[in-house]
There are 2 protein chains.
Amino acid sequence: MSADESVNKVGVELRLGPVSCLVLGMIGLRGPSTPYDLKKAAERSVSYFWPFPHSQLYGEPERLAKAGLLSREDEYGGRRRKRYALTEAGRKTLVTWLQVPPDDIFEMHDMAVLQLFFGEFMTEQELSALARKQANLYRSRLETYASIEVANGKRIDRTRRMAPLRLGIRLAEACRDFWDEIADDPPP
Amino acid sequence: MSADESVNKVGVELRLGPVSCLVLGMIGLRGPSTPYDLKKAAERSVSYFWPFPHSQLYGEPERLAKAGLLSREDEYGGRRRKRYALTEAGRKTLVTWLQVPPDDIFEMHDMAVLQLFFGEFMTEQELSALARKQANLYRSRLETYASIEVANGKRIDRTRRMAPLRLGIRLAEACRDFWDEIADDPPP
DNA sequence: GTACGCATGTAAACGGTTACATGATTTG
DNA sequence: CAAATCATGTAACCGTTTACATGCGTAC
């Protein structure tokens with residue numbers, strides 16, 4: 001198996017992991033943002049194929065600021081939030097990162113599939129129950145996707161930011177169908 | 001977001017995570033096994049939707065043995081390996097775990113998709129390169145899947161252990177097609 | 001018999017998750 | 001103005017990954 005290409009280094013000793021890229025990218029798209037802005041934005045978009053807990057979105061910007069990739073502006077009074085913006089170095093780092101395509105593809109890490117793999121220890125009823133539940137979870141996920149699509153309007157459907165959603169839909173449909181088939185006709 | 005249902009507790013203070021289940025399940029399927037057996041078995045099957053590093057397969061059996069879910073038999077001379085077998089408690093724990101279907105569905109955690117999401121910072125060439133590379137990675141993954149299928153013979157295709165592979169194939173095909181489309185016709 | 005690779009194992013370091021904690025704003 | 005909820009943040013914990021380390025089998 002190959003080394004993890006999802007992690008790049010920049011300058012002297014700075015790890016750039018998924019969270020770093022999310023933060024740089026989000027600020028790039030949205031302009032100057034507070035951690036809470038990032039949290040909200042991520043929840044509305046990226047989180048449907050990759051949910052990041054909010055705690056990461058508070059720590060990471062500070063790290064990137066110390067490395068000179070973000071600038072920070074503090075608000076006085078009220079919530080006293082910190083607003084981060086891309087520096088020139090930050091933008092450079094972002095586009096450079098985007099120039100290196102990853103060497104690997106996704107891994108499912110799916111508990112339900114693991115259970116199915118060990119399905120020989122399950123009764124037919126248990127297997128069907130598992131399959132129906134999964135299929136329904138995918139159905140509600142698909143509803144969520146649909147509402148995101150309409151919220152963004154069909155017109156801008158073909159944008160790059162929306163492409164991951166279209167992939168998510170196809171995969172969720174495939175999973176829904178798969179589990180439906182298992183539920184209808186459990187393998188021996 | 002709901003609590004992580006992939007982790008169950010049994011008895012007093014024993015975490016049952018994905019690795020525990022893999023170990024219990026694999027030993028259930030194969031009979032008494034050494035950690036190396038588990039490693040090899042996992043590589044040939046489960047690893048294509050969930051790769052576990054071998055170091056986990058050495059530590060975990062010992063934990064489970066201490067908890068009484070596995071029995072251990074040491075080999076003298078030669079490699080002096082440790083062979084673990086399911087105890088009655090272990091088998092019970094396994095089937096009990098399998099009776100609780102997970103509450104959540106898979107998350108992609110896919111770097112390439114994250115890059116696509118931030119594709120506004122990429123040139124059309126970079127985007128196409130990313131897409132072609134991903135599509136090819138999925139193609140070779142599909143070849144691997146195909147060889148697994150023939151290795152197991154078409155006859156036992158419809159078994160439960162093989163079902164995850166069929167899902168993997170569908171998903172990989174969906175991803176391959178998706179990236180092919182992006183490569184052929186990059187969104188603006 | 002020696003060199004190479006396979007098999008086996010351990011543990012430090014890293015990153016992510018969980019849980020807690022608290023001040024700010026809104027609502028009734 | 002009290003209560004509830006939103007917004008913000010911190011840090012310990014826990015599992016995974018990475019890296020190292022070394023003994024055994026085998027091929028030449």
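Letters A, B, ... are given to chains in the order of the sequence lines, protein chains preceding strands, and every chain is numbered from 1.
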Exercise. Check whether any side-chain nitrogen or oxygen of A:K39 sits under 4.0 Å from OP1 or OP2 of D:dG9, and answer yes or no.
Key: no
Self-check item: Under 4.0 angstrom between B:Q56 side-chain N/O and D:dG15 OP1 or OP2
Solution: no
Give the rounded distance in Å between these two atoms: [atom1] of [X] and [atom2] of [N].
X: A:L57; N: D:dT10; atom1: CG; atom2: P; answer: 14 Å
X: B:L22; N: D:dG15; atom1: CG; atom2: P; answer: 16 Å
X: A:Y58; N: C:dT22; atom1: OH; atom2: C1'; answer: 13 Å
X: A:R81; N: D:dT10; atom1: CZ; atom2: P; answer: 16 Å
X: A:R63; N: D:dT10; atom1: CZ; atom2: P; answer: 15 Å
X: A:F52; N: C:dT17; atom1: CZ; atom2: C1'; answer: 14 Å
X: B:E107; N: C:dT17; atom1: CD; atom2: C1'; answer: 12 Å
X: B:E60; N: C:dT8; atom1: CD; atom2: P; answer: 18 Å

Quiz prompt | Side chain of B:H54 (C-beta onward), nearest among C:dT8, D:dT8, D:dT17 | solution = C:dT8
Self-check item: Nearest to side-chain heavy atoms of A:P53, which nucleotide of D:dT10, C:dG9, C:dT18
Solution: C:dT18
Please tabulate, one pair per line, all N/O donor-acceptor pairs under 3.5 Å involving side-chain atoms of residues 27-35 of chain A, not counting sequence neighbours.
residue	atom	partner	partner atom	Å
A:R30	NE	A:S33	OG	3.2
A:S33	OG	A:G31	O	2.6
A:T34	OG1	A:Y36	N	3.4
A:T34	OG1	A:D37	N	3.1
A:T34	OG1	A:D37	OD2	3.2

Side-chain donor-acceptor contacts of residues 171-180 of chain A below 3.5 Å, not counting sequence neighbours, with atom names and distances?
residue	atom	partner	partner atom	Å
A:D180	OD1	A:R139	NH2	3.0
A:D180	OD2	A:R139	NH1	3.1

Quiz prompt | A:K133 with B:D104: basic N within carboxylate O range, under 4.0 Å | solution = no
Exercise. Taking only Lys NZ, Arg NE, NH1 and NH2, and the carboxylate oxygens of Asp or Glu, determine whether B:R166 and B:E149 approach each other closer than 4.0 Å.
Key: no
Quiz item: Does A:K39 have any salt bridge (charged side-chain N to carboxylate O under 4.0 Å, His left out) partners at least two apart in sequence or in another chain, and if so, which?
Solution: none
Quiz item: Relative to the 5' end of DNA chain C, which residue comes earlier, B:K40 or B:G59, by the nucleotide with the nearest heavy atom?
Solution: B:K40
Quiz item: More 5' along DNA chain C: B:P35 or B:H109, using each one's nearest nucleotide?
Solution: B:P35
Atom pairs under 3.5 Å, N or O on each side, protein against nucleotides 11-14 of chain C: can you list them with distances?
none

Self-check item: Pairing residues for A:Y58 by the ring-ring contact (aromatic ring centres under 6.0 Å, His included) criterion, not counting sequence neighbours
Solution: A:H54
Quiz prompt | Contacts of type ring-ring contact (aromatic ring centres under 6.0 Å, His included), residue A:F52, not counting sequence neighbours | solution = A:W50
